[in-house]
Amino acid sequence: MMFLLYHIGSEFMNDEKLQSIDILTFRRDLLSWYKENKRDLPWRQDQDPYRVWVSEVMLQQTKVDTVIPYFNRFMSKFPTVEALAQADEQVVLKEWEGLGYYSRARNLQNAVKEVATKYNGRVPDDAEQLGALKGVGPYTKGAILSIAYNQPEPAVDGNVMRVLSRVLKIESDITQQRTKKLFEVYARKLIDPQDPSSFNQAVMELGALICTPKSPACLLCPVQAHCQAFVAGTEEQLPVKKKAKKQKNIAYVVLLAVDDQDNYIIEKRKEDGLLANLWQFPMVPIKEVEWVHLENWVYNEYGLEITLGEKQGKLKHVFSHLIWHLEVYEAKLIKKLSKSNRLQLVSKQELTNYPFPVPHQKIRNSLYEKEQNM
DNA sequence: AATTCGGGGAC
DNA sequence: GTCCCAGAATT
């Protein structure tokens, strides 16, 4: 009896799902479609593991069309492991400016430095060594091993979970960690040992072009004949995914503090947490600071003596987990007492040398327009 | 297991 | 407005 219960809960279920399709035909149909329809993307020019690595990190939670220009600029600036390893972090962040999830850039460079020193510049083709690198999780590890090194390792991302949840009609919540592990088990059994690189890319390409989140193009799908959700007519209900909770709202006053020579005060953010090590105009959390105490708070917190000027505008910026409400004010910088190098006084033109998060890029850009219509 | 990490595009 | 994207690290 114990034996029976154990198997219903684990291996038996896996085999049952896979028995619903002919694996060899599935591979053939998927791969022949991929070879005909794959997009010509910059990181598909070759199988250079460094280029694959950079592309996979940039593509984390980020659409292909967004990544392409960033990837091209990044690779021309840092063509090799050595080039990226030797670069200044601020230069790397400047190339990443606007792409988001900036710890990706810092972790990537950290890992590349480790590859340069510990592995003599060669990206490991070993799962354990690869997975130990900063920013290389289960997906990126599998992607590099399969795409660059042709190893039959699963690379389960959102596309793969969507495609497989439909093909195999799996109704588990894909936000759960154990569900992702389940998909890795299936992917490992489905992957074509003859061409793991193309197979993994083909599943993702199918997810991006055909098996889309909404209104999937099932009539054009090369594996429609294998799809259990299509048979049931439930493809639009899959995958099952728990909703994210709402963001928190935070209000700030942003200070465009200018000295008598038209230089702006900017600050470097903390080295961890949100937008780590990026630059911004000073921000005052206005819910915690009374308006009448604002100048005083700036003096104590920043070591800046200012007089608040006119309101220039406002803007809202939505992050994944919070929303910034920014009110932009001019200010006159009377005196800078702080000696901290995280606080810099720079000219309007020099502002573009620093990596800014998007909301502060918008404020910065408004400085270059005669009309400040924000 | 939950939260924290950005930003943009499709709808 | 909602969803979600070639996810990982942290708590």
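Letters go in sequence order (proteins before strands), and every chain restarts at 1.
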Next item on the list: Report the nucleotide, chosen from C/dA6, C/dA8, C/dC4, that has the shortest atom-to-atom distance to any side-chain atom of A/P213.
Entry: C/dC4
Notebook entry, point to check: In whole Å, what is the span from the CG atom of A/L278 to the P atom of B/dC5?
Noted result: 13 Å
Note to self: Nearest heavy atom decides the nucleotide; on that basis, is A/D157 or A/Q177 closer to the 5' end of DNA chain C?
What the structure shows: A/D157
Check: Taking the nucleotide of DNA chain B with the closest heavy atom to each, which residue, A/M58 or A/K242, is nearer the 5' end?
Finding: A/K242
Check: Would one find a side-chain N or O of A/H321 under 4.0 angstrom from OP1 or OP2 of B/dC5?
Finding: yes
Check: With a 4.0 Å cut-off on heavy atoms, is A/F319 in touch with a base, just the backbone sugar-phosphate, or nothing at all?
Finding: sugar-phosphate
Notebook entry, point to check: Which pair of heavy atoms, one from A/F281 and one from A/E267, lies closest together, and at what distance?
Noted result: O-OE2, 4.3 Å
Note to self: Under 4.0 Å, counting only non-hydrogen atoms across every strand here, what does A/W43 touch: a base, just sugar-phosphate, or nothing?
What the structure shows: base
Notebook entry, point to check: Over how many whole Å does the gap from A/W96 atom CH2 to B/dG7 atom P extend?
Noted result: 13 Å
Check: Does the side chain of A/S172 come under 3.5 Å of the side chain of A/Q176 through a donor N or O and an acceptor N or O?
Finding: no
Margin query: Between A/M204 and A/K214, which residue's closest nucleotide on DNA chain C lies nearer the 5′ terminus?
Written below: A/K214
Check: How many Å lie between CD on A/E184 and P on C/dG7, as a whole number?
Finding: 13 Å
Item checked: Residue A/A208, side-chain atoms from C-beta onward, closest of B/dG6, C/dA6, B/dG7 -> C/dA6
Note to self: Less than 3.5 Å apart, any donor N or O on the side chain of A/N37 or A/E205 sitting next to an acceptor on the other?
What the structure shows: no
Next item on the list: Please state whether the base of B/dG8 and the side chain of A/T66 form at least one donor-acceptor pair under 3.5 Å?
Entry: no
Margin query: If you compare every side-chain N and O of A/K181 against the phosphate oxygens of B/dA1 (OP1, OP2), does one of them come in below 4.0 Å?
Written below: no
Notebook entry, point to check: Cation over ring, A/R73 on A/F71, under 6.0 Å and within 45°?
Noted result: no
Notebook entry, point to check: Taking all non-hydrogen atoms of both residues, which atom of A/I144 and which atom of A/V123 are closest, and how far apart?
Noted result: CG2-CG1, 4.4 Å
Margin query: Can you identify which nucleotide, out of B/dC5, C/dG1, B/dG8, has its nearest atom closest to the A/K316 side chain?
Written below: C/dG1
Margin query: Both A/K245 and A/P357 contact DNA chain B. Which one's nearest nucleotide lies toward the 5' end?
Written below: A/K245
Notebook entry, point to check: Taking atom types as modelled and ignoring hydrogens, do the side chains of A/Q194 and A/R27 form a donor-acceptor contact shorter than 3.5 angstrom?
Noted result: no
Check: What is the distance from CD1 of A/I210 to C1' of C/dA6, rounded to the nearest Å?
Finding: 17 Å
Margin query: Side-chain N or O of A/H317 versus OP1/OP2 of B/dG7: is the shortest distance under 4.0 Å?
Written below: yes
Item checked: Test item: side-chain donor near acceptor, A/Q47 and A/S197, under 3.5 Å -> yes
Next item on the list: Looking only at side-chain atoms of A/Y102, point me to the closest of B/dG7, B/dC5, C/dA6.
Entry: B/dG7
Next item on the list: Take atom CG of A/L99 and atom C1' of C/dA6, then tell me their distance rounded to the nearest Å.
Entry: 13 Å
Note to self: Taking B/dA10 as the reference, what is the distance to C/dA6 when you measure between their P atoms (whole Å, please)?
What the structure shows: 13 Å
Checklist line | A/K241 NZ - B/dA2 P separation (whole Å) | finding: 15 Å
Check: Side-chain donor or acceptor of A/T62 under 3.5 Å from a matching atom on the base of B/dG8?
Finding: no
Checklist line | Options C/dC3, C/dA8, C/dA6, nucleotide nearest the side-chain atoms of A/K243 | finding: C/dC3
Notebook entry, point to check: Would you say A/Q61 reaches C/dG7's phosphate, i.e. side-chain N/O to OP1/OP2 under 4.0 Å?
Noted result: yes
Check: With sugar-phosphate meaning primed atoms plus P, OP1 and OP2, does A/T140 contact a base, only sugar-phosphate, or nothing at under 4.0 Å between heavy atoms?
Finding: sugar-phosphate
Note to self: Measuring to OP1 and OP2 of B/dC5, would you say a side-chain N or O of A/R106 lies under 4.0 angstrom away?
What the structure shows: no
Notebook entry, point to check: What distance, rounded to whole Å, do you find between the two P atoms, one in B/dG6 and one in C/dT11?
Noted result: 15 Å
Item checked: Same-atom distance (C1') from B/dC5 to C/dC5, integer angstrom -> 15 Å
Next item on the list: Rounded to the nearest angstrom, tell me the gap between atom CZ in A/F356 and atom P in B/dG7.
Entry: 13 Å
Notebook entry, point to check: Does A/Y101 make a side-chain N or O approach to OP1 or OP2 of C/dC5 shorter than 4.0 Å?
Noted result: no
Check: With a 4.0 Å cut-off on heavy atoms, is A/G207 in touch with a base, just the backbone sugar-phosphate, or nothing at all?
Finding: nothing
Check: Which part of the nucleic acid, if any, lies within contact of A/R269, taking any heavy atom under 4.0 Å across all strands shown: a base, the sugar-phosphate backbone alone, or nothing?
Finding: nothing
Notebook entry, point to check: Counting side-chain heavy atoms from CB outward, which of C/dT2, B/dG7, C/dA9 is closest to A/N107?
Noted result: C/dA9
Notebook entry, point to check: To the side chain of A/V64, which of C/dG1, C/dG7, C/dA6 is closest?
Noted result: C/dA6
Check: Using a cut-off of 4.0 Å on non-hydrogen atoms, how would the nucleic acid contact of A/K248 be classed: base, sugar-phosphate, or nothing?
Finding: nothing
Item checked: Phosphate OP1/OP2 of B/dA1 contacted by A/R178 side-chain N/O (<4.0 Å) -> yes
Check: How long is the line joining CG of A/L108 and P of C/dG7, in whole Å?
Finding: 16 Å
Notebook entry, point to check: For A/L345 and A/Y264, what are the C-alpha separation, side-chain angles and deciding distance, and is it a side chain to side chain contact (heavy atoms under 4.5 Å, CB included)?
Noted result: CA-CA 5 Å; A/L345 199 48; A/Y264 289 81; 5.9 Å; no
